Amino acid sequence: MTYRMAKVIVDVPSRETDRPFDYLIPESMASWLEIGSRVAVPFGRRTIQGFVISLHEQPEMDAARMKPIQEMLDLLPPLPQDLVELASWMSRKYACSMIATLQAMIPTALKGKTERYISVADNDELPQDEEGMSVLPILTDEEKQIVAYVRASGHVLMDHLSARFPAYPGILKGLLRRGTLTESQVIKDKVRKKTIKSVSVAVQGDEAEAALSSFTAQAKRQKEVLEFLLEVGIPISLQEVLSTLGVTAGTVKKLAEKGFAVIEDVEVFRDPYQGRHFKGSTPLERTPEQENVYRRLIAALDAHRHEVFLLHGVTGSGKTEVYLQTIERCISLGRQAIVLVPEISLTPQMVERFKGRFGGKVAVMHSRLSTGERYDEWRKIREGRVEVAIGARSAVFAPFQNLGLIVMDEEHETSYKQEETPKYHARDVAVRRARQHGAAVILGSATPSLESYHAARSGGGDRHEEFAPVLLEMKQRPSGSQLPAVQIVDMREELKEGNRSMFSRALHQGIAARLERGEQTVLFLNRRGYSTFVMCRTCGYVAGCPECDISLTYHQKSNNLRCHYCGYAEPAPSVCPECGSEHIRYFGTGTQRVEGELAKLFPGIRVIRMDVDTTSEKGSHEKLLQAFRDKKGDVLLGTQMVAKGLDFPDVTLVGVIAADTALNFPDFRAAEKTFQLLTQVAGRAGRHQLPGEVFIQTYMPEHYSIVHASGHDYTSFVREELKHRRALYYPPYSRLILVTLSHEKLPLLLRMAENFAGDLRAKAQRLGWFGSLDRLTPSALDILGPVASPIPRIKNRYRFQCMVKYRGDLDAVSLVRETAATTLDQLKDGDFQISIDVDPQMLM
Ligand SMILES: Nc1ncnc2c1ncn2[C@@H]1O[C@H](COP(=O)(O)OP(=O)(O)OP(=O)(O)O)[C@@H](O)[C@H]1O
Ligand SMILES: [Zn+2]
Ligand SMILES: [Zn+2]
């Protein structure tokens with residue numbers, strides 16, 4: 001079938017252009033273009049980038065009035081068709097533009113001007129059979145001709161290749177799809193491809209014989225090189241020639257000068273884990289609990305059935321081992337797997353476990369990788385060179401063709417929600433994507449989110465849920481080790497007894513005992529509520545940002561004050577700007593203060609501090625953890641980062657400095673987050689032979705989140721928390737949409753916010769969404785606000801918000817989106833903005 005017209009989503013971020021535009025498909029592109037192809041199209045007077053979202057046989061309007069697609073930017077479309085479908089679902093669900101969702105799915109490297117090159121893929125990157133041998137595809141004569149040409153040229157500019165073989169686009173495409181040839185892109189200024197010097201032989205058959213007999217006795221080494229090259233038959237890295245034969249580069253150069261060999265720069269994949277050795281691992285014998293869970297999981301896989309599982313397993317219960325074995329099954333069925341982990345637990349330890357089990361079949365997608373590295377990892381997935389992708393949130397878009405399984409570890413983590421547009425939640429996207437592929441989903445956690453847990457318990461009967469996971473549980477640790485004993489320490493009592501230190505006496509003694517025994521301690525501090533600010537002790541003045549309504553943060557290194565929202569900076573004052581007092585105090589970050597105190601109390605103590613300051617450099621996070629593992633530190637001190645997934649045998653003490661700092665936040669999830677954190681942190685102690693001990697210091701010792709965390713009692717916590725949620729109709733007993741309106745002029749903004757809320761209310765009224773429907777839900781939809789946002793001003797823009805609370809089976813998103821559009825139209829002012837956050841996680 002030949003297509004003559006394509007619908008294209010153009011890369012213009014405006015409301016007016018958020019729809020497909022029609023373009024003619026030039027003859028030369030007809031057999032190349034696919035849904036998901038990235039193209040350059042004329043738009044107004046410019047040429048811009050766009051994505052093909054559908055193909056049509058006949059133009060819908062007069063072809064003479066339509067413009068043709070100018071250029072095709074990739075050979076294989078960067079987005080397989082299922083992702084294009086997913087994008088349109090996302091744009092509806094999260095009320096954002098189609099182009100924003102499409103852009104979120106492709107690597108940054110593809111966002112610039114590109115040049116495309118074709119080269120022959122390395123053998124070890126070809127698909128492998130069971131014994132690990134490369135499967136050399138059987139080529140037709142035409143294919144051989146192209147491959148030979150490409151091989152001889154090293155890497156060929158695509159335009160050059162298609163000019164040379166104009167009749168073969170289909171064949172070329174097949175070779176790319178099967179991984180015989182590989183496509184790479186040079187993005188001007190953004191990513192430069194990495195090259196190595198490669199040597200290949202330039203003579204064949206009789207010519208080669210003649211060449212071999214032409215060498216004089218002095219040129220013995222050159223002859224050796226030529227013999228070697230003929231034997232190898234494919235281009236080989238210069239380095240390898242030198243090290244194998246023990247010759248110098250000069251020898252090879254001479255050979256090239258004689259025209260017998262060619263030396264050239266060849267592009268290689270960047271491997272962020274190059275040179276790192278991963279200790280191989282084999283599947284462990286499953287415990288009875290693991291066995292039950294595993295059976296249930298592979299039943300879905302084997303049946304090619306879309307099913308969602310919530311794996312609730314206590315810390316250290318062997319969830320990761322279950323993931324590994326289920327993935328292995330998935331791969332053996334010829335399908336691929338995605339593993340999602342929160343960014344901060346994408347530690348070397350985690351990567352090691354997957355690389356150790358699956359070796360080169362794993363691509364890692366990490367935000368700390370360079371643009372080029374990320375692009376190369378992505379390409380391995382797109383070209384079918386790997387079977388497993390592990391990464392943070394956005395790895396849910398890994399362009400696998402035949403997805404069998406998506407694992408989401410620590411499914412309760414808030415970092416799965418993207419806070420910028422598109423404001424998606426990776427959990428919902430994962431479920432949706434798995435459904436498209438008939439794939440299974442495992443949501444794993446020791447402390448599942450209330451939404452997932454409730455959905456599993458109610459079997460999706462609560463009409464707020466989009467899916468109902470099957471609950472699987474693991475309550476024991478395979479090591480037989482017990483969950484550590486947790487003690488709550490009431491800091492009010494400490495103060496009464498005259499202890500003003502941030503360490504209780506119990507924790508103090510605990511650390512001292514560990515130092516003596518050569519064991520290790522993890523100290524945890526909740527980052528929230530501990531920002532560093534400057535306060536005058538005389539008049540109470542707090543340094544704030546002149547553009548945002550938020551206090552400035554003190555940065556010790558540069559000795560200045562900075563705003564985290566707009567980047568404003570000023571030098572730190574030495575006297576109070578209000579009253580002139582010298583008693584102006586800098587409150588260092590929580591971690592810095594704890595570090596200082598530790599040094600005072602335990603002279604000579606070796607503290608490894610892990611926070612935003614010490615981990616800003618690439619790889620520093622890993623280095624610090626490795627140092628701790630090598631026992632170069634007595635104490636690992638940090639924020640959220642130390643709470644996740646770490647598994648160190650000699651850690652026998654965990655201390656939480658102040659457990660309740662987040663409890664007073666105006667966030668209905670405050671108790672849930674506190675419980676999750678405490679449970680995770682407590683799970684770090686005594687995971688191996690040595691028994692563990694945990695101290696939780698708090699000013700609110702009777703708070704249920706703290707009490708139940710200390711008892712490792714998820715079920716009781718959930719029961720109590722659900723009561724609170726139900727009383728206030730918060731999720732999981734409703735769904736939320738947070739609408740934030742902003743403008744520089746306060747009175748105008750206020751009026752527009754009132755208009756918006758009024759309009760929305762009227763529309764909902766007409767649909768009959770107001771008024772009590774049953775006793776449990778007072779109203780199917782409720783609009784709270786407008787009120788000033790918790791941060792009422794950012795970058796000189798005032799902010800007002802409305803919270804829409806609604807019954808999950810209503811399409812409130814469309815209503816809000818429509819209303820926002822009308823409101824924006826009322827004020828034709830580019831400065832006026834309305835942002836819509838569906839299922840918000842951050843209410844600040
Ligand atoms: N079947 C098994 N037999 C023996 N040891 C096992 C088994 N399964 C897992 N383990 C070991 O138990 C420890 C904890 O397992 P794992 O890290 O998989 O648990 P987890 O539930 O993912 O932990 P967390 O949620 O705390 O990160 C690891 O050291 C792992 O090697
Ligand atoms: Zn003052
Ligand atoms: Zn600011």
Side-chain angles (χ1 to χ4, degrees), residues 279 281-294 311-327 339 341-342 344-347 349-354 356-357 407-413 442-448 472-484 522 531 533 543-553 560-570 629 642-651 654 676-690 692 694 712 714 742 791-799:
K279 203 158 78 203
S281 81
T282 46
L284 299 170
E285 196 183 319
R286 297 181 287 275
T287 63
E289 274 189 335
Q290 285 174 325
E291 180 69 17
N292 280 339
V293 167
Y294 176 73
L311 176 53
H312 177 208
V314 298
T315 52
S317 58
K319 295 185 289 293
T320 311
E321 183 61 31
V322 170
Y323 304 153
L324 290 167
Q325 298 196 20
T326 313
I327 292 167
V339 183
V341 296
I344 43 180
S345 30
L346 201 47
T347 56
Q349 225 174 347
M350 195 70 177
V351 171
E352 207 172 299
R353 289 182 77 172
F354 283 84
R357 194 68 60 90
V407 174
M408 179 178 251
D409 191 30
E410 313 283 1
E411 70 91 33
H412 62 276
E413 270 292 317
I442 310 175
L443 308 173
S445 175
T447 53
L472 303 173
E473 293 189 296
M474 297 205 296
K475 298 185 165 144
Q476 260 127 40
R477 291 178 162 183
S479 57
S481 72
Q482 296 301 307
L483 289 168
V522 170
S531 80
F533 56 103
C545 175
E547 314 243 305
C548 313
D549 286 334
I550 191 108
S551 46
L552 293 171
T553 302
N560 66 10
L561 305 176
R562 264 182 249 162
C563 173
H564 279 185
Y565 284 88
C566 71
Y568 170 87
E570 66 181 37
R629 189 195 313 255
V642 304
K644 305 285 148 47
L646 308 182
D647 195 4
F648 299 114
D650 288 326
V651 171
V654 170
Q676 286 163 346
L677 265 173
L678 294 179
T679 307
Q680 292 288 344
V681 181
R684 296 308 112 208
R687 289 166 67 94
H688 297 259
Q689 275 78 28
L690 301 167
V694 179
H712 305 286
Y714 178 78
S742 64
I791 299 167
R793 193 173 50 123
I794 293 181
K795 290 191 205 176
N796 257 333
R797 300 174 59 84
Y798 291 93
R799 307 165 79 235

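All values derive from a computational prediction rather than experimental measurement. Counting starts at 1 for both ligands and their atoms, following the listed order. Because only heavy atoms are used, hydrogens play no part in the values below, and waters and symmetry mates are left out as well, while side chains stay in.
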Practice item. May I ask you to list the atoms of ligand 1 that are less than 4.0 angstrom from any heavy atom of Arg353? Key: 16 (P), 17 (O), 18 (O)

Study note, to complete from the structure: Taking only non-hydrogen atoms of Thr287 and a 4.0 Å limit, the atoms of ligand 1 in range are 1 (N)

**Study point:** Contact atoms of ligand 1, heavy-atom distance to Glu285 under 4.0 Å
**Key:** 1 (N), 2 (C), 3 (N)

Review point. Under 3.5 Å, is there a donor-acceptor pair between the side chain of Gln676 and the main chain of Glu413?
Key: no

Exercise for review: For the pair Tyr323 (side chain) and Ile442 (backbone), establish whether a donor and an acceptor sit closer than 3.5 Å, ignoring hydrogens and angles.
Suggested key: no

Review point. Do any nitrogen or oxygen atoms of Gln290 lie less than 3.5 angstrom from nitrogen or oxygen atoms of ligand 1?
Key: yes

Check your understanding: Ignoring hydrogens and geometry, is there a side-chain-to-backbone donor-acceptor pair from His412 to Ala446 under 3.5 Å?
Key -> no

Check your understanding: Donor-acceptor pair, Arg799 side chain versus Ile791 backbone, under 3.5 Å?
Key -> yes

Exercise for review: For ligand 1, find out whether one of its N or O atoms is nearer than 3.5 Å to an N or O atom of Leu284.
Suggested key: no

**Study point:** Proximal atoms of ligand 1 relative to Glu321 (non-hydrogen, under 4.0 Å)
**Key:** 8 (N), 9 (C), 18 (O)

Check your understanding: Among protein atoms, how many N/O/S atoms lie less than 2.8 Å from the Zn ion (ligand 3)?
Key -> 4

**Study point:** Whether Gly316 lies under 4.0 Å from ligand 1, heavy atom
**Key:** yes

Review point. Backbone N or O of Tyr568 within a donor-acceptor pair of the Glu547 side chain at under 3.5 Å?
Key: no

Review point. Are any of the N/O atoms in Arg286 less than 3.5 Å from those in ligand 1?
Key: no

Check your understanding: CG of Leu678 to NE2 of His712: how many Å apart, nearest 0.5 Å?
Key -> 11.0 Å

Review point. When rounded to the nearest 0.5 angstrom, what distance separates NE2 in His312 from OG1 in Thr447?
Key: 7.0 Å

Exercise for review: Of the side chain and backbone of Gln680, name the one, both, or neither that has a heavy atom under 4.0 Å from an atom of ligand 1.
Suggested key: neither

Exercise for review: With heavy atoms under 4.0 Å as the rule, classify the contact between Ser317 and ligand 1 as side chain, backbone, both or neither.
Suggested key: both

Practice item. Please confirm whether Glu410 comes within less than 3.5 Å of ligand 1 when only nitrogen or oxygen atoms on both sides are compared. Key: no

Review point. Any idea which heavy atoms bring Gln290 and Glu285 closest together, and the distance?
Key: OE1-O, 4.3 Å

Review point. So which bit of Met474 gets within less than 4.0 Å of ligand 1, heavy atoms only: side chain, backbone, both or neither?
Key: neither

Check your understanding: Does any N or O in the side chain of Lys319 come within less than 3.5 Å of the main-chain N or O of Gly444, such that one atom is a donor and the other an acceptor?
Key -> no

Point to revise | Interatomic distance, Thr282 atom OG1 to Leu284 atom CG [nearest 0.5 angstrom] | key: 7.0 Å

Exercise for review: Kindly determine whether Arg357 and Glu321 satisfy salt bridge (Lys or Arg N to Asp or Glu O under 4.0 Å), including the steps that lead there.
Suggested key: CA-CA 10 Å; Arg357 194 68 60 90; Glu321 183 61 31; 3.0 Å; yes

Point to revise | Donor-acceptor contact below 3.5 Å, side chain Gln325 vs main chain Pro283 | key: no

